[in-house]
Amino acid sequence: MDLDKLMSKHLTRYFDPSRTIPEETLQQLLRFLRSTPTSVNVQPNHFYVLATPEGKERLAANLGERFKDNAEKVLNASHTIILTTRADVPDSHLEAVFAKERVDGRFPDLSKQELWESMTRDFLSLRNYAYKDVNHWMEKQTYMAVGLTMMAAAELGVEATPLEGFDPTSVDKAFKIRETGHSTTVLLALGYPDPKKVYHNPISRFDADQLFTFI
Ligand SMILES: Cc1cc2nc3c(=O)[nH]c(=O)nc-3n(C[C@H](O)[C@H](O)[C@H](O)COP(=O)(O)O)c2cc1C
């Protein structure tokens, strides 16, 4: 990965509609997305991978009135992922996480798994009753997955642009997402830039002395 190049490039707003991510590359990226970590391994996500013209058209048509400018990005991208997050953590979800950890042999012995499960329950109880931020906390996990996947895409030579310009109510309805206990958090458009529309002007960020405090 060329970090210097990454540091000076704009996120892609114009994708080349004629280019598709090779299946092997896509699968590697999805394996990476699946592997991204979440706090207490809560795994609050479901991802809709729009790989067909019909899927992308359905999203483009349901971004909401004020977000129509993102439709072209979705349509021209090779793939767009809808990253959804659970609305809450029912006990059935927690039990499914623990069951999978046991099957995968996450801990060397049962007593450590059981200790982990009780610590996880305590932590979730804190989020539910003290911080009262369970959904917000889970959406932060989703953003970590987006950030990490953007880096993985760069490593694979794929451009990845997160999109927050959409109406979640409209997107959820179009894909029947709320029926699953989730809602849409963010979109990730993936593909290759249109060479005729790549910006070459510098990116603009605050200077380092405004950003970093060394103590
Ligand atoms: C989380 C996130 C959401 C974004 N959502 C959109 C979007 O909906 N539409 C869009 O055109 N750009 C979107 N962008 C791109 C940013 O506006 C852009 O990266 C920022 O203005 C800096 O510009 P640069 O990438 O050209 O340096 C998003 C970027 C991030 C990180």
Side-chain angles (χ1 to χ4, degrees), residues 1-17 19 21 29-30 32-33 36-39 44-50 55-86 133 135-175 177 182-212:
M1 185 187 306
D2 184 342
L3 272 187
D4 284 323
K5 192 172 152 213
L6 208 57
M7 276 187 256
S8 58
K9 79 174 286 302
H10 297 271
L11 288 184
T12 294
R13 284 209 169 86
Y14 299 97
F15 288 95
D16 181 344
R19 293 188 66 191
I21 301 170
L29 196 58
L30 297 182
F32 181 89
L33 175 56
T36 56
T38 51
S39 181
N45 303 117
H46 190 82
F47 308 111
Y48 294 79
V49 183
L50 309 183
K56 290 186 278 182
E57 278 159 20
R58 201 194 312 173
L59 178 60
N62 288 284
L63 291 168
E65 202 54 39
R66 54 178 294 203
F67 300 111
K68 287 193 161 153
D69 59 320
N70 275 337
E72 193 190 326
K73 291 160 207 149
V74 169
L75 293 172
N76 289 344
S78 166
H79 292 73
T80 295
I81 302 179
I82 305 176
L83 293 100
T84 76
T85 310
R86 298 196 65 85
D133 70 344
N135 179 253
H136 179 59
W137 164 70
M138 289 193 289
E139 288 206 307
K140 290 192 267 184
Q141 316 304 316
T142 309
Y143 270 83
M144 279 200 49
V146 168
L148 287 164
T149 304
M150 289 167 70
M151 295 298 285
E155 174 70 16
L156 295 170
V158 173
E159 305 271 316
T161 301
L163 300 172
E164 286 183 322
F166 64 91
D167 172 354
T169 305
S170 169
V171 173
D172 286 355
K173 198 165 163 208
F175 290 88
I177 290 170
H182 297 67
S183 65
T184 303
T185 301
V186 63
L187 313 173
L188 188 63
L190 299 162
Y192 302 97
D194 180 340
K196 295 185 294 299
K197 293 183 175 170
V198 174
Y199 306 148
H200 293 292
N201 43 327
I203 66 158
S204 168
R205 306 286 189 263
F206 287 131
D207 290 330
D209 59 2
Q210 279 177 274
L211 291 179
F212 302 113

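Not measured: the values here are computed from a predicted model. First listed ligand is number 1; within each ligand, the first listed atom is number 1.
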Nearest heavy-atom neighbours spanning Thr85 and Met138: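 Closest approach of Thr85 to Met138, heavy atoms only: CG2-CB, 3.6 Å.
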Heavy-atom closest contact (Val74 atom, Lys56 atom, distance):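 The answer is O-CD, 3.3 Å.
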N/O separation below 3.5 Å, Gly165 to ligand 1: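 By distance alone, the answer is yes.
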Criterion side-chain contact (heavy atoms from CB on, under 4.5 Å) against Ile81, the qualifying member of Val186, Val146, Leu187, Leu33: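 Filter result, single survivor: Leu33.
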Should one rank [options] by closest heavy-atom distance to [atom], which comes out on top?
atom	options	answer
atom 20 (C) of ligand 1	Arg13, His10, Glu164	Arg13
atom 27 (O) of ligand 1	Met150, Lys73, Arg205	Arg205
atom 30 (C) of ligand 1	Pro162, Ser204, Pro202	Pro162

Residues forming a ring-ring contact (aromatic ring centres under 6.0 Å, His included) with Tyr143, sequence neighbours excluded: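 Tyr143 satisfies ring-ring contact (aromatic ring centres under 6.0 Å, His included) with no residue once adjacent residues are dropped.
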Atom CD of Glu65: over 12 foreign heavy atoms under 6.0 Å: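 Atom CD in Glu65 is not crowded, with 12 or fewer foreign heavy atoms closer than 6.0 Å.
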Asn70 neighbourhood, listing ligand 1 atoms whose heavy-atom distance to it stays under 4.0 Å: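 Atoms satisfying the 4.0 Å criterion: 7 (C), 8 (O), 9 (N), 10 (C), 11 (O).
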For ligand 1, the portion of Asp69 having any non-hydrogen atom under 4.0 Å away: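 Neither part.
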Heavy atom of the protein closest to atom 19 (O) of ligand 1 (residue, atom name, distance):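 Ranked first by proximity to atom 19 (O) of ligand 1 is Leu11 CD1, 3.2 Å.
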Arg13/Glu72 salt bridge by N-O under 4.0 Å criterion: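 Result for this pair is no, no salt bridge flagged.
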